[in-house]
Amino acid sequence: MSTAYTETPENFAALQAYVLTDFSDYKPAIENADLVIFYDTCAVQHHAILPEKHQKKICDYLKTKNSVAVISKCVLMELAGDGHCIHSRVIGYFKTLAENDIKIILFEESCIYDFLIEAFQSANAVNEKLRYAVRSFNTQTSTIKESIKKDAILTALVGDGAIPSNKDLCAHFFSSVRSNKQHGDNLGEQLIGICIYMMLHLPAEPTCKFTIYTDDRGAAGAISKSTKSIPHDVTDKQPGIFSSAKLFQAMLEEDLFMDEGELTEAIRTIYPSNICTLALMEKSDLHTEEYTFTPSELSRLMFAKNTIKIAF
């Protein structure tokens, strides 16, 4: 039985002033951005606990990339949790983003259809991309899998029969799956993955424009594996996948941290003891390896130029 999540938090009014909710407003914002960041739940929560000075540095970085931040409906549900309220720290972080000119989009996942129908002019073509995206996340234990079992329309979607021509199929899929959300099912990340998988097919958009911020390595791996399954003759674009550690290194490259102490403080806020990274040690590794560092050790390595390159 699904847990009682809500799609509209009880304190949504406190958040509403900082987000774009109408498709007519956020469609051009996404199209005109150079970087579209889909925020996973854990990344929002991690960045929300950073001191405001570091949150503003994130804003400064995002502005250098002409970015918009995207919060999917399922991520909003996860942020509201059982209490059906968004934590004041999260609202505070969104306020900081908005007041520093970063547009925040409350993204109804099913609007992915409206992006793709404009490009492909066919419900069948859009639904075909939905079929392969859903298949790539249709694992044995997922909420998606259980939702499909109970729904004949969704069973047909992932089957081997004719591609459905139903123009409401995207809306039906996303609403059905959200209604079955369970604790700990990583559904927010999986639906972000499906959206990114589909948006990579947009012909006019460059590689890595669609990026996920997440500190969940399992989610990052699933999205990477899924999008790499797209045949290269269909698209050779890939998503951007950033952990907080990788984001901090990118910010350092833009000179947004003054010294090791400041960077250590940011890392330690999210990872109080140790942080596990996938990284390339420039002088010794041919491939990324897993390393565990204290916040101060990682900060020191990041400030030592050409020493470490963080992959996740």
Side-chain angles (χ1 to χ4, degrees), residues 30 33-43 65 67 70 72 74-75 107 109 112-113 115-116 119-120 125-145 148 154 157-160 163 170 173-174 177 185-247 249-250 276-281 285-291 309-312:
I30 287 175
D34 294 325
L35 182 63
V36 178
I37 297 158
F38 284 82
Y39 249 110
D40 176 25
T41 305
C42 63
K65 305 301 180 184
S67 307
V70 173
S72 71
C74 192
V75 165
F107 189 81
E109 294 97 338
I112 202 77
Y113 178 89
F115 280 98
L116 270 72
F120 295 100
V126 177
N127 290 341
E128 180 183 33
K129 291 163 182 56
L130 179 64
R131 166 177 282 184
Y132 288 108
V134 173
R135 280 180 177 178
S136 70
F137 286 92
N138 187 22
T139 60
Q140 292 297 317
T141 59
S142 74
T143 297
I144 294 173
K145 181 84 171 180
I148 289 170
L154 299 185
L157 166 65
V158 299
D160 294 323
I163 302 292
C170 268
F173 167 75
F174 286 111
V177 174
D185 61 4
N186 296 324
L187 186 61
E189 299 135 351
Q190 292 171 4
L191 296 189
I192 289 172
I194 288 171
C195 289
I196 290 177
Y197 182 107
M198 295 180 71
M199 294 187 91
L200 290 178
H201 290 80
L202 291 171
E205 302 295 2
T207 192
C208 293
K209 172 171 177 173
F210 302 105
T211 289
I212 182 170
Y213 279 6
T214 179
D215 286 321
D216 185 327
R217 186 179 299 181
I223 291 172
S224 177
K225 181 180 179 181
S226 166
T227 53
K228 285 178 180 176
S229 71
I230 304 173
H232 282 188
D233 60 345
V234 176
T235 180
D236 59 357
K237 299 171 188 174
Q238 290 296 318
I241 301 176
F242 273 64
S243 63
S244 292
K246 184 175 179 178
L247 171 62
Q249 184 164 47
C276 184
T277 67
L278 288 176
L280 183 72
M281 300 298 288
D285 292 344
L286 297 176
H287 306 285
T288 56
E289 301 285 350
E290 183 175 300
Y291 295 95
K309 184 173 181 61
I310 297 172
F312 187 81

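All heavy atoms count here, side chains included; hydrogens, waters and symmetry mates do not.
- Residues F115 and C195 have side chains not in contact (no heavy-atom distance under 4.5 Å, counting atoms from C-beta outward).
- Looking at I112 and K129, their side chains never come closer than 4.5 Å, going by heavy atoms from C-beta outward.
- Rounded to the nearest 0.5 angstrom, K309 NZ and T277 OG1 are separated by 13.0 Å.
- In this structure, the separation between CE on M198 and CD on E128 is 10.5 Å, given to the nearest 0.5 Å.
- Here the options are V126, N127, L157, the test is side chain to side chain contact (heavy atoms under 4.5 Å, CB included), and the partner is I163; only N127 passes.
- The backbone N or O of E205 sits less than 3.5 Å from a side-chain atom of K237, completing a donor-acceptor pair.
- In terms of the side chain to side chain donor-acceptor pair (under 3.5 Å) criterion, residue partners of E109 (sequence neighbours excluded) are, by chain and number, R178.
- The shortest side-chain heavy-atom distance between Y197 and S229 falls under the 4.5 Å cut-off.
- A side-chain donor-acceptor contact under 3.5 Å links D215 to the backbone of S244.
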Steps toward side chain to side chain contact (heavy atoms under 4.5 Å, CB included) verdict (H201, I230): CA-CA 9 Å; H201 290 80; I230 304 173; 3.8 Å; yes
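- Shown here are the ring-ring contact (aromatic ring centres under 6.0 Å, His included) partners of F137, two or more places apart in sequence or in another chain: there are none.
- In this structure, the side chains of V134 and I148 come closer than 4.5 Å at one or more pairs of heavy atoms.
- Below 30°, between 30° and 60°, or above 60°: for Y39 and Y213 the angle between ring planes is above 60°, a perpendicular geometry.
- Annotation: side chain of T207 is in contact with side chain of Q238 (closest heavy-atom distance under 4.5 Å).
- Remark: K228 NZ to K225 NZ distance equals 11.0 Å, nearest 0.5 Å.
- To the nearest 0.5 Å, atoms CG (D40) and OG (S72) are separated by 8.5 Å.
- In this structure, R135 contributes its side chain and G159 its backbone to a donor-acceptor pair below 3.5 Å.
- Residue I30 holds its CD1 atom at 10.0 Å from CG of L202, rounded to the nearest 0.5 Å.
- Just one of F210, F38, F174 meets the ring-ring contact (aromatic ring centres under 6.0 Å, His included) condition when paired with F107; it is F38.
- The closest side-chain heavy-atom distance from I194 to F173 is below 4.5 Å.
- When every heavy atom of S226 is checked against every heavy atom of S136, the shortest pair comes out as OG-OG, 2.8 Å.
- Looking at T227, its side chain does come within 3.5 Å of a backbone N or O of I223 through a donor-acceptor pair.
- A side-chain donor-acceptor contact under 3.5 Å links K209 to the backbone of A33.
- Between V75 and L191, the closest side-chain pair of non-hydrogen atoms is not below 4.5 Å.
- Across every non-hydrogen atom of Q249 and I310, the tightest pair is OE1-N, 2.8 Å.
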Evaluate side chain to side chain contact (heavy atoms under 4.5 Å, CB included) for F312 paired with T214, printing each intermediate quantity in order. CA-CA 9 Å; F312 187 81; T214 179; 4.1 Å; yes
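- For the atom pair CZ of R217 and CD1 of I241, the computed distance is 12.5 Å after rounding to the nearest 0.5 Å.
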Step by step, would you call Q190 with V177 a side chain to side chain contact (heavy atoms under 4.5 Å, CB included)? CA-CA 11 Å; Q190 292 171 4; V177 174; over 6 Å; no
